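A short write-up of the structure that comes next.
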Amino acid sequence: MKSSTVSAGAAAGEPAGQQHAVGLYLKVWGLLFVLSTFSYLVDYANLQGVLRWGLILVLMIAKAGLIVAVFMHMRWERLALVYAILIPPLALLVLMSLMAAEADFTFVTRLAHFR
């Protein structure tokens, strides 16, 4: 037989908060530990260049995604709120990459014309 407990907020007519199993948090913690271990193994293996930075960035994005999805409860939020939080940083990354490409083009053009 299951016993149910009612919180003070639920008794006052407020919606009850989300309750997630501790096992979920422990699994995510373990996965974060494994991903961090892989990050350190990339440095330990003395990988260089694009391969090293690509692996580090992929592992970093995977860890950040897990933290945002589970520990910040974004996995259970409405899609509009997820878009409101994720779209602005993605837009900034696109704009920064466009500025970097423009700066590179300007630098190369100045080198060609002012020699």
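The model shown is predicted, which means the values in this text are computed figures rather than measured ones.
The hydrophobic clustering, which links ILVMFWY residues whose side-chain heavy atoms are closer than 4.5 Å, places L41 and V58 apart. One hydrophobic cluster holds both L59 and L51 under the rule that ILVMFWY side chains link at heavy-atom gaps under 4.5 Å. When hydrophobic clusters are built by joining Ile, Leu, Val, Met, Phe, Trp and Tyr residues whose side-chain heavy atoms come closer than 4.5 Å, directly or via intermediates, I87 is grouped together with L79. Linking ILVMFWY residues whenever their side-chain heavy atoms come closer than 4.5 Å, directly or via other members, places V34 and F71 in the same cluster.
Atom OH of Y83 has 12 or fewer heavy atoms from other residues, nucleotides or ligands within 6.0 Å.
Counting all heavy atoms, side chain and backbone alike, A62 lies closest to L35 at CB-CD1, 4.0 Å.
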Pair up each side-chain donor or acceptor in residues 98-105 with any protein partner under 3.5 Å, not counting sequence neighbours, and list the distances.
none

Per-pair distances, 0.1 Å, donor-acceptor, side chain in residues 24-32, under 3.5 Å, sequence neighbours excluded:
none

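By the 4.5 Å heavy-atom criterion applied to side chains, D43 and I56 are counted as neighbours.
Distance OH/Y44 to CG/N46: 9.0 Å, rounded to 0.5 Å.
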